[in-house]
2 protein chains.
Amino acid sequence: MIQSVDRAIRVLTALQGARRMSLSELAERLELPPPTVHGIVRTLVAHGMVVQDRSSSRYQLGPAVLRLGNVYLDTLELRSRSMAWAEELGRRTGFAVRVGVLMAEDVVIIHHEPRPDGSRQMPEVGIVIPANASALGKAMLAFLPDETDVLLAGPPLRSMTGATVADPDEFRRQLADVRKTGLAFECDEAVLGESCVAGAVFDSTGLAVGAVAVVVPTTEWPVSDAVTEAVRTTARTISRELGATRWPG
Amino acid sequence: MIQSVDRAIRVLTALQGARRMSLSELAERLELPPPTVHGIVRTLVAHGMVVQDRSSSRYQLGPAVLRLGNVYLDTLELRSRSMAWAEELGRRTGFAVRVGVLMAEDVVIIHHEPRPDGSRQMPEVGIVIPANASALGKAMLAFLPDETDVLLAGPPLRSMTGATVADPDEFRRQLADVRKTGLAFECDEAVLGESCVAGAVFDSTGLAVGAVAVVVPTTEWPVSDAVTEAVRTTARTISRELGATRWPG
DNA sequence: AATTACATTCGGCATTGTCGAATGATGCTC
DNA sequence: GAGCATCATTCGACAATGCCGAATGTAATT
């Protein structure tokens, strides 16, 4: 691990959390002397990854990271293969649809199909949800190859709401269910009033590369069998497009 | 400029251009020995900025860059202030609306309001357009503080279509017009069949921090005075929200 | 005007990253 | 299926590089 590169990324991550930071705040956060941080930030600024507000002289993320994010989306085969099916899933069920991938212990949303009722909704692409508190996350965690309860090995499960599963044994049982059916559920665990049904998506190597979910207001929970069936069908179809030969169940 | 950080960003930039690259391709592109690149890439992978495809062992951008991009958007005051007004501009004119910021010699789109005719359109947030070939770019370049024809100092203007302004003198004249009126125009210069009217957006320090534009099919070009007026009003309104005290004209 | 807080520059020291050479992994050819 | 070729990855010695204490510049505050 190259020290300065690692530090540079930690600068970006810090700015990700705090939006705008002065040099000394950054230095304190990273536990490094200000001149050291300054050198790193200088380099990031030169490439547009970070910009410095002229009036306050504080730093924040720059437009270059947006361009990177956009290219990432274009690169993802999962995304391009999902889009049409996600739209259909939304139309058939009447719910918003999310597609996500796993990043360490979180899920990153790579596609978002708004509810087809015409209501104005924020795009959710790029947002991050703790994997343990989301159906999308559970769907992928259940199929991690390295028999992973990495999550369970580390610090206790992050709790988002009162409904977040906190007990490791309960969590393991849920994952076992997911492995059987291919479907994962979440009710109020990440956001109150929001529940999801998710299906894992596999690629040709048989790994879970992503997951697709419908987002359901908890007032309409539990959903009909038709909806869970639609999620299952969508997840299986996308998997097949990616070259997967098998799907659970 | 810290060497290894600079190199890491150049790795990301290379992956941005080529989507997927093997280590040796990367090394050749950066003109560095493979082990050097490997160390950098290793660090990027550890943070999810880059992922390695298991089957082909090639590298591509990772989900962490998407999250960064999303946070950047959230941070931007310009974006949050623009959204409502961009929507109104779209409704009133019937055209798609873009909001962009300057990044070196390019414009990065930070907000995109689709044409309100209900047709399905790709989101354009994060895409990059050469500043010299776009109305958005001209609107901002005209007000760069350091009397900048940085663009004109460097290599010749990048040409996107036959209509791209290539002559430096002509370009300077256009910028002078923009300084007078606050509005910039573009007809087929970036993409054939696509024309734009853009207005610069200023912040409280009087600097052009962005620009807003309507995107018009060239078949409907030139647009009516009502449309250019609407763009001007929108740009001025957003500027005022950002604390600007004056606007050209 | 004086003071404080902060960003930024400078330069010597030693830590750090660099890159040639060696090893391991994978896929291709005969 | 053995041998070969290509590419990713590891290792380690050297010295170039980046690190950070001290000094300076800058801007806001009293």
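Within every chain, numbering begins at 1; the chains are lettered A, B, ... in the order of the sequence lines, protein sequences first and strands thereafter.
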Between [atom2] on [N] and [atom1] on [X], what's the gap in Å once rounded to a whole number?
{"X": "B:Arg42", "N": "C:dT18", "atom1": "CZ", "atom2": "P", "result": "14 Å"}
{"X": "B:Leu23", "N": "C:dC19", "atom1": "CG", "atom2": "P", "result": "13 Å"}
{"X": "A:His38", "N": "D:dT26", "atom1": "NE2", "atom2": "P", "result": "13 Å"}
{"X": "A:Asp6", "N": "D:dG18", "atom1": "CG", "atom2": "P", "result": "16 Å"}
{"X": "A:Asp53", "N": "C:dA7", "atom1": "CG", "atom2": "P", "result": "13 Å"}
{"X": "A:Met1", "N": "D:dT10", "atom1": "CE", "atom2": "P", "result": "13 Å"}
{"X": "B:Ile2", "N": "C:dT8", "atom1": "CD1", "atom2": "P", "result": "14 Å"}
{"X": "B:Arg58", "N": "D:dC7", "atom1": "CZ", "atom2": "P", "result": "11 Å"}

Test: B:Asp203 and B:Arg81 ion pair at under 4.0 Å: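 Salt bridge between B:Asp203 and B:Arg81, a charged N being under 4.0 Å from a carboxylate O: no.
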Taking only side-chain N and O atoms of [X], does any of them lie within less than 4.0 angstrom of OP1 or OP2 on [N]?
{"X": "B:Gln3", "N": "C:dT18", "result": "yes"}
{"X": "B:Ser24", "N": "D:dT6", "result": "no"}
{"X": "A:Ser57", "N": "C:dC6", "result": "no"}
{"X": "B:Thr36", "N": "C:dC19", "result": "yes"}
{"X": "A:Tyr59", "N": "C:dT8", "result": "yes"}

Residue list, side chain to side chain donor-acceptor pair (under 3.5 Å) with B:Glu88, at least two apart or on another chain: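 If we apply the side chain to side chain donor-acceptor pair (under 3.5 Å) test to B:Glu88, skipping adjacent residues, the hits are B:Arg92.
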Partners passing side chain to side chain donor-acceptor pair (under 3.5 Å) against B:Arg10 (at least two apart in sequence or in another chain):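 Side chain to side chain donor-acceptor pair (under 3.5 Å) list for B:Arg10, sorted by chain: empty.
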Sugar-phosphate, base or nothing in reach of A:Glu25, heavy atoms under 4.0 Å: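 The answer is nothing, as A:Glu25 stays clear of every strand by at least 4.0 Å.
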Donor-acceptor pair between A:Ser4 and B:Ser4 side chains, under 3.5 angstrom: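 Per modelled atom types, A:Ser4 and B:Ser4 side chains form a pair under 3.5 Å.
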Minimum-distance nucleotide (side-chain atoms of A:Pro33 versus C:dA7, D:dT9, D:dC20):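 Selected nucleotide: D:dC20.
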Over 12 foreign heavy atoms within 6.0 Å of CZ, A:Arg42: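 Open: at most 12 neighbouring heavy atoms sit under 6.0 Å from CZ of A:Arg42.
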Comparing B:Arg7 and A:Pro35 on DNA chain C - which has the more 5′ nearest nucleotide: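 First, find each residue's nearest nucleotide; the 5'-ward one identifies A:Pro35.
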